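Scroll down for the structure; my scribbles are underneath it.
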2 protein chains.
Amino acid sequence: MSVVRKTKSVKTLMSIFEASGSALSVVDLVEQLKVQMNKTTVYRILERLEGEGTIHSFIGSNGLKWYAKCSTCTKHEHDDVHPHFECRDCGKVECLEIEVTIPKLKNRLIESADVLLTGQCADCLN
Amino acid sequence: MSVVRKTKSVKTLMSIFEASGSALSVVDLVEQLKVQMNKTTVYRILERLEGEGTIHSFIGSNGLKWYAKCSTCTKHEHDDVHPHFECRDCGKVECLEIEVTIPKLKNRLIESADVLLTGQCADCLN
DNA sequence: ATTATTAATGCAACTTAGTTGCAAAAATAT
DNA sequence: ATATTTTTGCAACTAAGTTGCATTAATAAT
């Protein structure tokens with residue numbers, strides 16, 4: 001069920017993620033691709049690629065959805081504690097290749113941890 | 001500017017937060033209060049209370065906005081690294097009274113950190 | 001290579017969270 | 001009691017994301 005076919009649209013999205021070093025918001029992708037494909041298609045392809053493990057998603061500071069293809073995406077075991085960084089000036093969002101340690105909690109089972117850091121990126125610091 | 005008046009609606013919302021130990025989603029508040037006040041009013045009161053420092057907000061796992069009144073809200077200096085926990089079974093969201101250590105990053109200025117943990121709460125573990 | 005099967009797409013209509021402008025009502029100040 | 005300023009309700013709107021269904025494109029089977 002739900003085999004991911006290598007359609008033209010899928011290839012287009014894949015190459016966008018390959019080419020981009022940072023995360024991409026769904027809103028931006030839909031806007032950027034609106035002449036080439038329907039927004040529903042964008043949403044559905046992103047869902048499938050995430051299900052496949054090719055990309056991963058997270059929620060930005062304003063509640064909008066972002067996707068990224070990072071090095072840990074290629075591993076089978078998905079690392080849940082890799083943080084994301086959002087620049088308050090240029091709006092760029094990136095995956096950070098560091099690990100954040102989540103303390104163990106008694107009485108609760110933690111299944112995943114989303115860490116979103118906000119601040120100024122290298123480019124915007126000056 | 002933007003003095004917070006103690007209107008009936010404000011008092012209602014304040015007492016809801018006092019009575020509740022956990023965080024409250026805006027959607028739930030609007031639904032719960034829809035006979036007593038307009039949804040626009042709910043949104044605006046929450047904004048004002050947050051500006052005042054009485055409550056704080058964050059984004060849940062599905063991108064929706066949540067508000068909570070926690071112990072650290074009463075302090076003037078707002079602690080940016082207090083995590084939130086969302087139960088995947090019952091949907092309850094709570095502030096955790098622990099501190100998560102965010103590693104220093106070279107080349108980036110971190111201004112705030114949002115940590116959202118997802119899993120099973122004490123009640124849903126059995 | 002053609003045909004059959006199944007997945008993917010486009011489209012339009014819809015749902016839902018959140019916002020805006022403005023007139024009316026309620027708090028606070030005078 | 002009146003004037004001032006904030007707050008509220010309402011209706012209309014925006015924008016993100018979803019759904020159903022008919023059509024089209026990929027892959028599998030012959």
Side-chain angles (χ1 to χ4, degrees), chain A residues 1-17 23-68 84 86 91 93 114 116 118, chain B residues 1-17 23-68 84 86 91-93 114 116:
Chain A
M1 59 216 59
S2 186
V3 176
V4 178
R5 292 183 173 177
K6 288 285 160 358
T7 66
K8 204 168 86 173
S9 297
V10 168
K11 286 176 195 158
T12 302
L13 268 160
M14 292 276 281
S15 64
I16 289 176
F17 278 106
L24 302 162
S25 77
V26 180
V27 173
D28 284 349
L29 285 169
V30 167
E31 170 65 25
Q32 176 187 348
L33 293 168
K34 71 177 169 201
V35 281
Q36 302 167 60
M37 69 190 87
N38 191 271
K39 73 170 173 172
T40 311
T41 304
V42 177
Y43 279 98
R44 291 198 271 222
I45 289 178
L46 292 172
E47 245 172 43
R48 270 182 276 145
L49 290 177
E50 182 174 30
E52 233 190 14
T54 308
I55 57 179
H56 68 283
S57 74
F58 57 95
I59 306 291
S61 67
N62 53 5
L64 297 192
K65 203 162 191 181
W66 291 74
Y67 283 90
H84 296 105
E86 180 171 337
V93 176
D114 288 291
L116 181 65
T118 313
Chain B
M1 57 216 63
S2 182
V3 175
V4 178
R5 292 184 172 177
K6 288 285 164 338
T7 66
K8 206 169 83 173
S9 297
V10 168
K11 286 176 195 159
T12 301
L13 268 161
M14 292 276 281
S15 63
I16 290 177
F17 279 106
L24 302 162
S25 77
V26 180
V27 172
D28 285 349
L29 284 169
V30 167
E31 171 65 22
Q32 175 185 350
L33 293 169
K34 73 177 167 201
V35 280
Q36 303 166 57
M37 70 189 85
N38 193 271
K39 72 169 175 175
T40 312
T41 304
V42 177
Y43 278 99
R44 291 197 273 223
I45 289 178
L46 293 171
E47 245 172 41
R48 272 182 275 143
L49 291 177
E50 183 174 30
E52 232 189 16
T54 307
I55 57 178
H56 68 283
S57 73
F58 57 96
I59 306 292
S61 67
N62 52 6
L64 298 192
K65 204 164 190 179
W66 292 73
Y67 282 91
H84 297 104
E86 181 171 337
K92 187 170 66 185
V93 177
D114 288 291
L116 182 64

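What you are looking at is a predicted structure, and each value in this text was computed from that prediction instead of being measured. Each chain gets a letter, A, B and so on, in the order its sequence line appears, and its residues count up from 1.
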Side-chain donor or acceptor of A/His56 paired with backbone N/O of A/Tyr67 under 3.5 Å:
no
Rounded distance (Å) that lies between atom [atom2] of [N] and atom [atom1] of [X]:
X       : N      : atom1 : atom2 : value
A/Met37 : C/dT9  : CE    : C1'   : 10 Å
B/Lys34 : D/dG9  : NZ    : P     : 15 Å
B/Gln36 : D/dT7  : CD    : C1'   : 17 Å
A/Ile59 : D/dA16 : CD1   : P     : 13 Å
A/Asn38 : D/dA25 : CG    : P     : 15 Å
A/Tyr67 : D/dG17 : OH    : C1'   : 11 Å
A/Ile45 : D/dG17 : CD1   : P     : 16 Å
B/Glu31 : C/dT16 : CD    : P     : 11 Å

Would you say B/Leu29 and B/Phe17 make side-chain contact, with heavy atoms under 4.5 Å?
yes
Using side-chain heavy atoms (C-beta onward) and a distance below 4.5 Å, is B/Lys39 in contact with B/Lys34?
no
Sequence-aligned protein contact record of nucleotides 18-30 of chain C, with B where the base is within under 4.0 Å of a protein heavy atom and S where only the sugar-phosphate is
BBBB----BBS--
To check you understand the geometry: which heavy-atom pair defines the closest contact between [X] and [Y], and what is its length?
X       : Y       : value
B/Ser57 : B/Glu50 : OG-OE2, 2.7 Å
A/Leu46 : A/Leu13 : CD2-CD2, 4.2 Å
A/Ser25 : A/Trp66 : N-CE3, 3.2 Å

Hey, what bend do you get for the helix from C/dA1-D/dT30 to C/dT30-D/dA1 if you fit axes on five pairs at each end, rounded to 10°?
30°
Please tell me whether B/Glu86 and B/Ser61 have a donor and an acceptor in their side chains that are separated by less than 3.5 angstrom.
yes
Using the test side-chain contact (heavy atoms from CB on, under 4.5 Å), find all partners of B/Asn38 that sit at least two apart in sequence or belong to another chain.
B/Thr40, B/Thr41
Just one of A/Val27, A/Leu33, A/Thr12 clears the side chain to side chain contact (heavy atoms under 4.5 Å, CB included) bar with A/Val42, so which one?
A/Leu33
